[in-house]
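Below, chains carry the letters A, B, ... as their sequence lines are ordered, and counting in each starts from 1. Values reported hereafter were calculated over all heavy atoms of this structure, with side chains retained and with hydrogens, waters and symmetry mates removed.
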There are 2 protein chains.
Amino acid sequence: MTIGVRHDDLRKRNRAMVIAAVRRSGQPSRTEIASATELSHSTISAISSDLINEGILAEAKSEATATKRGRPQVGLCLNPDAGVVLAIVLSLNSLSATMIDYSGTAIAQDISRPATLSMGKAELIEVVLAAARRLIERPDLAEKRLLRIALGIQGITDSDARRLMWTPITPEGDIDFADALEEAFGIPVTVQNDCNMIAVALRNRAPERYSDNFIAVLLSNGIGMGLVLRGELFTGSHSSGGEFGHMIHMPDGALCRCGRLGCIEAYAGNYAIFRHARGEGERAKPAADIDDATMLALAAAARDHEGRERDAFHKAGEAIGFGLGSLFALIDPAPVAIVGLGASAFDIIEPSIREAIAKTAGGQHNAAISFDLEPDEAPLIREGCARQALTFVDQEIFAPGQAMQALAGREVA
Amino acid sequence: MTIGVRHDDLRKRNRAMVIAAVRRSGQPSRTEIASATELSHSTISAISSDLINEGILAEAKSEATATKRGRPQVGLCLNPDAGVVLAIVLSLNSLSATMIDYSGTAIAQDISRPATLSMGKAELIEVVLAAARRLIERPDLAEKRLLRIALGIQGITDSDARRLMWTPITPEGDIDFADALEEAFGIPVTVQNDCNMIAVALRNRAPERYSDNFIAVLLSNGIGMGLVLRGELFTGSHSSGGEFGHMIHMPDGALCRCGRLGCIEAYAGNYAIFRHARGEGERAKPAADIDDATMLALAAAARDHEGRERDAFHKAGEAIGFGLGSLFALIDPAPVAIVGLGASAFDIIEPSIREAIAKTAGGQHNAAISFDLEPDEAPLIREGCARQALTFVDQEIFAPGQAMQALAGREVA
DNA sequence: TTATTTTTTTCGAGGCTCGAAAAAAAGAGC
DNA sequence: GCTCTTTTTTTCGAGCCTCGAAAAAAATAA
């Protein structure tokens, strides 16, 4: 907020605004863009003409129903050939790389299953680089202009979106993926927390439901959270932040995977539910991974009869509910999306969650708090990464300051 | 982010930038402003010449030591006569109204002690209006141009800064102070949470220490928090938010003033410490107010010998520590200022706070977390209100869009 | 008194957005 | 089939704004 606004920033911002309008609404006409951005028709005309000449936008050739009188509107769309981005998703024993064209369509994918738990830093970096290379060097894709790579990873990343600071998928921490990938491919790279990418994807999918304030909670072996406040992705000051799973539910309580006691995750993570259902103590060593079938069987048992399984899910709901209640005390109640395998057992835990929330500051709005379920997190993470990467391209590469514009224009035209 | 940038916004923003630079740095010269804002000398020259003509800025006439060679720099300062704002602070049985000139100097104050607990909505509004009127209508102040009123209140306000939604100072809730004051005085009014104003004041006082991320915790009968994240005051989506005191420390635990169980406040508020020290149960009815002398006596006893007093402060520290730990899990560790009477007993509770934090996600940074103490909250709240009001004047009244500028210019010149 | 240094103002150039008018591209009416 | 009407899009000149360079201003140094 210290730096003044220069004259060339004006065009830069308005270009970005036009691109954003097109990305948001499919095939808006120039007139629609003008009214959406509140800029004059002349300005929109000038900017879109530039963008079309530079190969960023294109006129949509839909021989549509010209039912109205008057000159028909010409829809503008993103030119798919303007470039591509790479969305890479790394989680426990699973790696996917997806190439997405500028219009947002996935055009190629590479999926592999590396044994991440037994890999060191260098090995993990190498496996990611290899997956990216397999796609980038494919003969039919070699001509594409790669503009950006976004990496979504399970774990804590730094606030500059460059390093993985801690992760459950390998014993090693502090892995500088961005440096490694940038050196290998020579384009900007971001490294971000998977739950944050889920939040981005949700907003992208259903902007009417997830807009200004909402919470995405990932229930799997660990508990993750992506938080959007006032329309912006919330991150910590140093890290990706939003470590909902490591808020304290019960001081000096159950043993968490992070080594501390009483975290929400130590009650609501898959390993915690599993541990409790098996009758192991609260301080028993957390399992590194529990397969989906086992968790689904536990859920089925909990639905079927009273007993330790049901009790375990109840404890999980209680921890999540009190945690959400504390969170609501800080940020006010907001819509919640429950993502991941836990969503398929949500019918069992929802009553305990609501019961706990009712005992907290968010309690009076309990009825108004809605939970949406998204059992499959992988596509969401991929979508979020793609979207983040494309937004960067929109704002930083295709709407640059004046100096860069000359260069970029020459290159594209 | 949807609306494009118009040409006249440019000037508006750069004017605001220049005013902000002057407010921040005392008496900067045009050259210093140019380098701070990264705008050209010509632009700064044009803007500051306008601002001086409009009576917003003035050239400082300090016959200073011209030790250097060359044309001496002329410092610019805020013109105190450009207008005044009113900062009104309302808390339990206490009301103050302060008139502050445009340069930030307090020029008059009116302090009273209404019995708020026994007052209804209308009565409370009336007492505030009366205090404001006493100042505004004072003969020596009647000529001043009042531009803005900022009200700082103990309690929860709405996110539009217009209504008091809940407060401990009177049994009634939902009091629309902004409407009442705007109708009476015909100028914009904001109503904001006291702790948020404390945070604003701290940043104003010590920007080097409290800049991008910090936490102000108010320890008095209740527990309040003001949070600054990424340089912006954090508020909830509907309310003033940041209700740290009502995060859950212990599910189904001690009885809180809010009627729920286990809130941090139910362990760390004055009434909770008092209750514990007196040997009353955790579920005993909270006292509405406990005078400072009593609390100081409890603290002295806790320092002097082991026993229930010391235990009470220990429990308080534990609740605050685990609460900060949970907060740090969400936003990452940040500097903490302890404000209010509790700061004078901080030596007793700090060990328990640190012990608890060590058991949480923020634990590894325990040593790096600093606590500053500010025992007297009242002047901070006043300062924060004044600053908020002045910033609004800077940005919205003295740096308006083009249409308004013509009007404002005429009026001032 | 003149030269030097530093700050501030002045002035013309270039860019951007805007409003009005013109051009373009369709259907409606006869 | 031709002209009129309607709507979208482009063109064009005007008005601002910021910028860089040069000039002016105001002090010290020699």
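Atom CG in Asp9(A) sits about 15 Å away from atom P in dG15(C), given to the nearest Å. The distance between atom CD of Glu59(B) and atom C1' of dT9(C), rounded to the nearest whole Å, is 12 Å. Between the P atom of dC16(C) and the CD atom of Glu38(A) lies a distance of 21 Å, rounded to the nearest Å. One interatomic measurement links the two molecules: CZ of Arg69(B) to P of dT8(C), which rounds to 18 Å at whole-angstrom precision. Distance NE2 (His41(A)) to C1' (dA21(C)): 15 Å, rounded to an integer number of Å. Rounded to whole Å, the distance from CD1 on Ile52(A) to C1' on dT9(D) is 11 Å. One atom, CD1 of Ile44(B), and another, P of dT18(D), lie 9 Å apart when rounded to the nearest Å. Separating the CG atom of Asp50(A) from the P atom of dT10(D) is a distance of 11 Å, rounded to the nearest angstrom.
Residue Ser40(A) places no side-chain atom within donor-acceptor reach of the base of dG19(C), judged by atom type and a 3.5 Å distance cut-off alone.
Closest non-hydrogen pair, Phe398(A) versus Arg15(A), comes out as O-NH2, 2.7 Å. Among all heavy-atom pairs drawn from Leu147(B) and Ile187(B), the shortest one is C-CD1, 3.9 Å. Taking each heavy atom of Ser29(B) and Gln73(B) in turn, the nearest pair found is OG-OE1, 2.8 Å.
Position along DNA chain C of the nearest nucleotide to His7(A) versus Val74(B) favours Val74(B) as the more 5'-ward residue. Residues Gly70(B) and Ile47(B) both approach DNA chain D. Their nearest nucleotides, taken by heavy-atom distance, put Ile47(B) toward the 5′ side.
Which of dC16(C), dT10(D), dA21(D) sits closest to the side chain of Ser42(B) comes down to dA21(D). With distances taken from any side-chain atom of Arg30(B) to the nucleotides dT9(D), dT9(C), dT6(C), the minimum falls on dT9(C). Comparing dT6(D), dT17(C), dT9(D) against the side chain of Ser29(A) picks out dT9(D) as the nearest. In this structure, of dC17(D), dT8(D), dC19(D), it is dC17(D) that holds the atom nearest to the side chain of Leu10(B). Residue Gln73(A) places its side chain closer to dT8(D) than to any other of dT18(D), dT8(D), dC16(C). The Ser45(B) side chain lies nearest to dT10(C) when the options are dG15(C), dT10(C), dA26(D). Here the side chain of Pro72(B) is nearest to one of dC16(D), dT18(D), dA26(D), namely dA26(D). Nearest to the side chain of Arg71(A), among dA24(C), dT5(D), dC17(D), sits dA24(C). Listed nucleotides: dT17(C), dT9(D), dT18(D). Nearest to the side chain of Thr43(B): dT18(D). Of the candidate nucleotides dT4(C), dC16(C), dC19(D), dC16(C) has the atom nearest to the side chain of Arg11(A).
Under a cutoff of 6.0 Å and an axis angle of 45°, Arg23(A) and Tyr102(A) form a cation-pi pair.
Phosphate contact (OP1/OP2 of dC19(D), side-chain N/O of Arg6(A), threshold under 4.0 Å): present. Listed pair Lys68(B) / dA29(D) fails the phosphate criterion, with no side-chain N or O lying under 4.0 Å from OP1 or OP2. Of the side-chain N and O atoms in Asn14(A), none sit less than 4.0 angstrom from OP1 or OP2 of dC16(C).
The aromatic rings of His7(A) and His7(B) sit parallel, their planes meeting at an angle under 30°, below the 60° perpendicular limit.
Checking side-chain atoms of Ser45(A) against main-chain N and O of His41(A) turns up no donor-acceptor pair under 3.5 Å.
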